[in-house]
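Quick notes on the structure that follows.
Residue numbers start from 1 in every chain, and the chains themselves are labelled A, B, ... in the order their sequence lines are given, proteins ahead of strands.
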Number of protein chains: 2
Amino acid sequence: MDRPLPTLSDVAQRAGVSYATADRVVNARGGVAEKSASRVRAAIEELGYVRNLAAANLSQQRHYRFVAVLPGGDNAFFKRMRALLEEASDRLRTDRVTLTIDTVEAFDAPALCARLQALGTEGVDGLALVGSDDARVLSAIADLRARGIPVLALVSDVPGADRNGYVGIDNSVAGRTAGRLVVLAHGGRAGRVLPVVGALSARDHADRLAGFGAVVRPQLDLAPVIEGRDRKGRVAKRVAAALQADPGITAIYSAGAGNAGLIKVLESLPRDRPRPIVVLHELVPHSRRALERGLIDIVIDQRPEDAVARVVEGLRLLADKRELARTDPILPTIYLADNLPASDTSQKGETSP
Amino acid sequence: MDRPLPTLSDVAQRAGVSYATADRVVNARGGVAEKSASRVRAAIEELGYVRNLAAANLSQQRHYRFVAVLPGGDNAFFKRMRALLEEASDRLRTDRVTLTIDTVEAFDAPALCARLQALGTEGVDGLALVGSDDARVLSAIADLRARGIPVLALVSDVPGADRNGYVGIDNSVAGRTAGRLVVLAHGGRAGRVLPVVGALSARDHADRLAGFGAVVRPQLDLAPVIEGRDRKGRVAKRVAAALQADPGITAIYSAGAGNAGLIKVLESLPRDRPRPIVVLHELVPHSRRALERGLIDIVIDQRPEDAVARVVEGLRLLADKRELARTDPILPTIYLADNLPASDTSQKGETSP
DNA sequence: GCAATTTTGATAGACGTCAATCAAAATAAT
DNA sequence: ATTATTTTGATTGACGTCTATCAAAATTGC
């Protein structure tokens with residue numbers, strides 16, 4: 001039951017050829033008669049041989065170099081993402097894997113391209129990047145792939161690019177989810193929803209809003225969309241104005257960032273009448289607090305922890321020329337005041353020695 | 001930048017001792033003067049040495065044998081879990097990891113203990129088990145741990161046991177989540193909720209119901225709890241009777257299994273008046289269909305995919321005597337009709353060669 | 001049948017670690 | 001000072017794979 005797994009020598013013996021020939025077959029070195037090759041393949045099949053990746057990598061002193069390229073700035077979500085990647089990076093050292101976290105100014109496509117180009121020549125074994133919808137980025141990715149470097153799109157997909165996979169949520173589904181929850185919270189009654197986004201030109205925001213609208217429109221009204229540019233000051237001003245102008249608003253859906261501004265407005269609302277239902281995205285310190293204080297109802301989170309775990313898993317698999325294990329989009333989590341995770345951000349393991 | 005990582009020989013050289021001495025230090029073989037030992041430790045620090053796990057495992061022909069012990073029966077959830085574990089098992093072969101899936105009759109503590117005892121002597125490198133709240137199981141786990149075998153509790157925790165970790169959701173939080181959603185769906189109006197469980201003596205069901213009640217009670221009434229024994233026939237009969245007897249029921253929360261029976265009742269409800277809000281657990285074929293057909297509103301899922309990923313990751317880390325990367329409970333996913341995952345159960349990778 | 005070519009076999013060194021052995025050196029005990 | 005003990009060094013083989021080399025054998029062409 002605990003017998004050792006077959007080695008390539010076992011395969012060679014079984015096939016009645018030398019180790020050298022078996023090696024020529026499995027490593028496609030050529031110069032092997034078809035007759036011998038097929039016997040080797042048969043032996044592999046019969047013995048259930050799988051090559052020992054550890055030994056293979058050892059013999060080649062293979063050590064993986066991965067890079068994650070994230071947008072810079074003080075965005076709370078990416079701050080968290082960066083912290084999670086750094087944690088993962090520490091753990092990976094034992095496995096001869098270096099994960100470097102690289103920062104490029106947000107929305108700066110030329111800078112991103114330059115970075116990608118540089119990485120392409122630096123002997124990187126795989127990279128994950130937060131894409132943007134730009135033709136130059138697209139071709140930079142194509143270049144990397146052409147060099148045989150695996151690329152994963154992270155958080156925001158790059159439409160049309162032949163990346164090896166996308167690690168992130170389906171924003172349209174996330175929007176529909178938000179919509180369904182808002183409808184549910186109306187319990188069949190009429191209402192009018194105020195949608196807030198960063199910019200309608202941002203792909204993820206637009207996708208969310210489209211999904212949201214598709215579910216909500218049959219049941220509820222939609223007020224004109226507010227574009228807050230992800231800046232809390234602007235969001236606060238516009239939302240306050242909209243609520244003032246339209247007392248019939250029963251719900252707010254914020255698909256973008258800058259929610260600190262929205263929360264500020266909610267804080268200042270009169271307490272004697274029911275406040276609107278509020279749904280927004282990303283669990284970050286201020287949205288968490290708002291949930292705990294009952295200022296908002298629902299936070300839809302992209303689960304950066306999951307994303308990081310999948311990026312690491314995916315890059316390793318791809319570097320070994322294996323298949324990705326999971327390619328389905330990450331499902332966003334719906335946070336209510338009652339299912340918030342423990343608040344300590346850096347949880348230690350509870351292993352015993 | 002791409003220089004090779006330091007080896008133990010480098011460490012020895014730096015410390016001014018022989019390889020043998022450095023080896024004695026890192027492998028705690030003893031017989032090393034404190035003076036030398038500390039110089040070796042300093043060198044390790046300075047060079048940032050991390051031992052090459054691949055080489056280490058290779059030299060010892062280490063190959064991991066893991067076992068997952070699941071309850072038998074035709075439970076849809078565990079069927080799915082088993083399928084997912086088998087998928088993972090296939091992928092793991094390349095890494096010299098064998099994951100065996102073992103089945104023990106549900107709720108049969110003596111049988112489970114016997115199985116665990118047997119595994120303890122078979123040279124297993126780690127196991128995951130669906131625990132039950134039983135003193136005998138508890139001591140069987142203690143035995144395994146005493147032999148140095150890592151144990152993960154899966155799906156259902158074993159209270160008081162010194163397992164290395166728990167992989168599953170927090171059922172109390174899941175119940176509270178369900179409660180909040182039901183409250184939300186009432187939009188401030190009054191209502192009465194019908195709770196359904198398998199048995200109040202089942203720990204997970206009880207936990208869920210307790211969490212649910214804590215959130216719901218301040219706002220809504222609770223009808224008497226139905227114990228359906230997780231059998232669809234019994235569930236159907238009792239729920240139908242309860243709805244008949246009490247027309248004021250505005251919501252149903254099912255914390256256990258046997259939901260096919262509940263769904264059957266919902267199907268037969270008159271279409272002309274609003275049906276109750278329905279929240280239940282586990283996304284399985286019949287609950288999925290009910291969601292798609294609008295017969296129920298919300299499914300709270302334990303994310304068996306996540307659980308499997310974490311079990312595999314965790315057992316490997318533990319077998320290498322490393323720390324668990326993630327010890328926080330899995331967050332259940334809230335499924336609505338609008339965020340159901342793609343229905344093909346066995347998604348293939350989309351890697352290119 | 002002989003030369004040219006293709007296919008095979010045998011073997012060796014490297015990767016970094018573990019595990020072991022044996023002799024040499026340093027230190028401690030008496 | 002002599003013995004006993006502890007501590008070190010040097011070395012070797014194994015793990016399974018990759019890469020390489022060189023000679024031997026089989027096959028092909030003419």
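A straight line from CG of Asp95(A) to P of dG16(C) spans 16 Å, rounded to a whole angstrom. Here dG16(C) presents its P atom at 16 Å from CG of Asn57(B), a figure rounded to the nearest Å. If you measure from atom CG of Leu53(A) to atom C1' of dT17(D), you get 10 Å, rounded to the nearest angstrom. Computed from coordinates, the Tyr19(B) OH to dA19(C) C1' distance equals 10 Å when rounded to whole Å. Atom P of nucleotide dG16(D) and atom CG of Asp10(A) are separated by 8 Å, given to the nearest angstrom. The nearest whole Å value for the distance from the CG atom in Asp23(A) to the C1' atom in dA20(D) is 10 Å. Here dT17(C) presents its P atom at 11 Å from CD of Gln61(A), a figure rounded to the nearest Å. The CG-P distance, from Leu8(B) to dG9(D), rounds to 13 Å in whole Å.
Proximity of Tyr49(B) to the phosphate of dT17(C): a side-chain N or O atom is located under 4.0 Å from OP1 or OP2. Using a 4.0 Å cut-off, some side-chain N or O of Arg29(A) falls inside it from OP1 or OP2 of dT19(D). A close approach under 4.0 Å does occur between a side-chain nitrogen or oxygen of Ser18(A) and OP1 or OP2 of dG9(C). In terms of phosphate contacts, Arg96(B) brings no side-chain nitrogen or oxygen within less than 4.0 Å of OP1 or OP2 of dG16(D). Proximity of Gln60(A) to the phosphate of dA14(C): no side-chain N or O atom is located under 4.0 Å from OP1 or OP2. Residue Ser59(A) places no side-chain N or O under 4.0 Å from the OP1 or OP2 atom of dG16(D). Side-chain nitrogen and oxygen atoms of Asn27(A) include at least one within less than 4.0 Å of the OP1 or OP2 phosphate oxygen of dC18(D).
Using a 4.0 Å heavy-atom distance criterion, Ala56(B) is classed as a sugar-phosphate-only contact. Using a 4.0 Å heavy-atom criterion, one finds that Ala33(A) contacts the sugar-phosphate atoms exclusively.
Ion pairing of Asp328(A) with Arg310(A) is present here, as a side-chain N (NZ or NE/NH1/NH2) and a carboxylate O approach within less than 4.0 Å. Residues Glu313(B) and Arg91(A) are not paired through a salt bridge, judged by the lack of any N-O separation under 4.0 Å between the basic side chain and the carboxylate.
Of the inter-residue distances, the one linking Ile149(B) atom CD1 with Ile141(B) atom CD1 reads 12.0 Å to the nearest 0.5 angstrom. Rounding to the nearest 0.5 Å places CG of Leu119(A) at 9.5 Å from CG of Leu129(A).
Distance from the side chain of Leu58(A) is smallest to dG16(C) among dG9(D), dG9(C), dG16(C).
Each of Lys35(A) and Val26(A) has a nearest nucleotide on DNA chain D; the 5'-most of these lies closest to Val26(A). For the pair Ala55(A) and Ser36(B), both in contact range of DNA chain D, the more 5′-proximal nearest nucleotide belongs to Ser36(B).
Counting only distance, with no hydrogens or angles, the side chain of Asp157(B) and the backbone of Tyr166(B) share no donor-acceptor pair below 3.5 Å.
A side-chain N or O of Tyr64(B) and one of Asn57(B) form a donor-acceptor pair less than 3.5 Å apart.
Contact annotation: side chain of Arg24(A) to base of dG9(C), donor-acceptor pair present below 3.5 Å.
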